[in-house]
Amino acid sequence: MEKKHIDRRVKQMEAEGVTFHYNVNVGVTLPFATLTDEHDAVLMTGGAEAPRDPGLPDTNLQGVHYAMPYLTQQNKRVGGEDVSKITPILAGGKHVVVIGGGDTASDCVGTAFRQGALSVTQLDIRPMAPEIENKLTVWPYWPTKFRTSSSQAEGAEREFQAATLGLEGRNGRLTGVKCVRVDEKRKPIPGTEFVLQADLCFLAIGFAGSLIEGMIAQSGAAVDKRANVIANERDYRTSVEKVFVAGDMRRGQSLVVWAIREGRQAAHAIDKHLMGETILPV
Ligand SMILES: Cc1cc2nc3c(=O)[nH]c(=O)nc-3n(C[C@H](O)[C@H](O)[C@H](O)COP(=O)(O)OP(=O)(O)OC[C@H]3O[C@@H](n4cnc5c(N)ncnc54)[C@H](O)[C@@H]3O)c2cc1C
């Protein structure tokens, strides 16, 4: 999203009375207790960006990266921010393999093309979905349909039912990604191994939950086994007095529409908690 839209919204919110504090990492550069000491309610909305570990050997090879450091640094670069202190990850003139089939993987595909990658191949462990959805599919199954994101449409090679066996390298640098075809139960099919040439590989197989270290750990709020902070959708209260949580940090990595909904509902719940009643819509 172009930053002018965000700038406009920030101005509007400031005019409404919100004070923004930039470059603050709660739990690292600012103790969480400072927030609870100085405020009547604290809402944690830190997202869920702990990457899922693919459990592969050799992820320390040069050229292998998790998706988020790659995407955030390019966002900064495009936005004209100072990236001089960040080690650049650039796909120009390189063969790129993206492991994962979701939105984050799609963003890596598009970014790599825009940077001038020679080729981009995306590995998806799921079977290729049908061109037309089967409307007769019933719960618990979902009528999936083959979709092509705008990033993939820029020329990505898409490999389906492909699992990653490992990463190959020479002199500490990535040279290839070793793959195997899998059956419908995601079991490797013997004899179907293949290697994709790769100078860069992005790991985008989802998120394991919120980053516990820092803000959540210092807050003392209880988390579930998926590393989501525990609170219900009625009052959004955590296990800690006057500390609330909403968005991905509560429900796990999800969608923007859910984050907006949870933000509004949490505002309603906090207003009620502070004032005893609220006119904010749910
Ligand atoms: C790469 C990627 C692509 C996606 N694509 C889509 C898509 O196409 N469509 C869609 O609907 N959803 C998409 N999503 C999901 C969507 O972005 C999230 O569901 C949504 O943004 C969650 O909103 P949130 O406010 O809960 O958290 P976030 O939007 O993640 O915001 C959390 C904020 O808190 C800040 N923060 C975290 N910890 C601290 C701390 N300790 N101190 C201070 N600040 C902190 C972070 O810097 C961040 O700004 C995507 C997610 C990712 C990662």
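Start at 1 and go down the list; that is how both ligands and their atoms are numbered. None of these values were measured; they are calculated from a predicted model.
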Legend entry - Those atoms of ligand 1 less than 4.0 Å from some heavy atom in Asn25: 40 (C), 41 (N), 42 (N)

Inset, instruction - Any atoms of ligand 1 less than 4.0 Å from a non-hydrogen atom of Leu71? List them with their elements. - result: 1 (C)

Inset, instruction - Considering the heavy atoms of Phe207, write down every atom of ligand 1 situated less than 4.0 Å from one of them. - result: 53 (C)

Inset, instruction - Determine, stepwise, if the pair Phe207 / Thr104 fulfils side-chain contact (heavy atoms from CB on, under 4.5 Å). - result: CA-CA 10 Å; Phe207 296 87; Thr104 305; 3.5 Å; yes

Inset, instruction - Would you confirm whether any non-hydrogen atom of the protein falls under 4.0 Å from atom 30 (O) of ligand 1? - result: yes

Inset, instruction - Would you give the length of the straight line joining atom NZ of Lys178 to atom CG of Leu167, rounded to the nearest 0.5 angstrom? - result: 11.0 Å

Legend entry - Close-contact set for ligand 1 against Glu49 heavy atoms, below 4.0 Å: 30 (O)

Legend entry - Closest approach of Asp248 to Ser254 (non-hydrogen atoms, all atoms of both residues): OD1-N, 3.2 Å

Inset, instruction - Report yes or no: does a heavy atom of Glu262 sit under 4.0 Å from some atom of ligand 1? - result: no

Inset, instruction - Examine ligand 1 and decide if any of its atoms is less than 4.0 Å from a heavy atom belonging to Trp258. - result: no

Legend entry - Nitrogen or oxygen of Val256 less than 3.5 angstrom from that of ligand 1: yes

Legend entry - Min N/O separation Met68 to ligand 1 under 3.5 Å: no

Inset, instruction - May I ask whether Ser254 places a heavy atom under 4.0 Å from ligand 1? - result: yes

Inset, instruction - Ignoring hydrogens, tell whether any protein atom lies closer than 4.0 Å to atom 3 (C) of ligand 1; use the non-hydrogen atoms only. - result: yes

Inset, instruction - Could you pull out, from Thr104, Asp107, Val24, Leu255, the option with a heavy atom nearest to atom 52 (C) of ligand 1? - result: Thr104

Legend entry - Shortest non-hydrogen contact between Phe32 and Met44, atoms and distance: CE1-SD, 3.8 Å

Inset, instruction - Measure across Lys3 and Asn75 and return the closest heavy-atom pair with its distance rounded to 0.1 Å. - result: NZ-ND2, 4.0 Å

Inset, instruction - Mark whether atom 48 (C) of ligand 1 lies under 4.0 angstrom from at least one protein heavy atom. - result: no

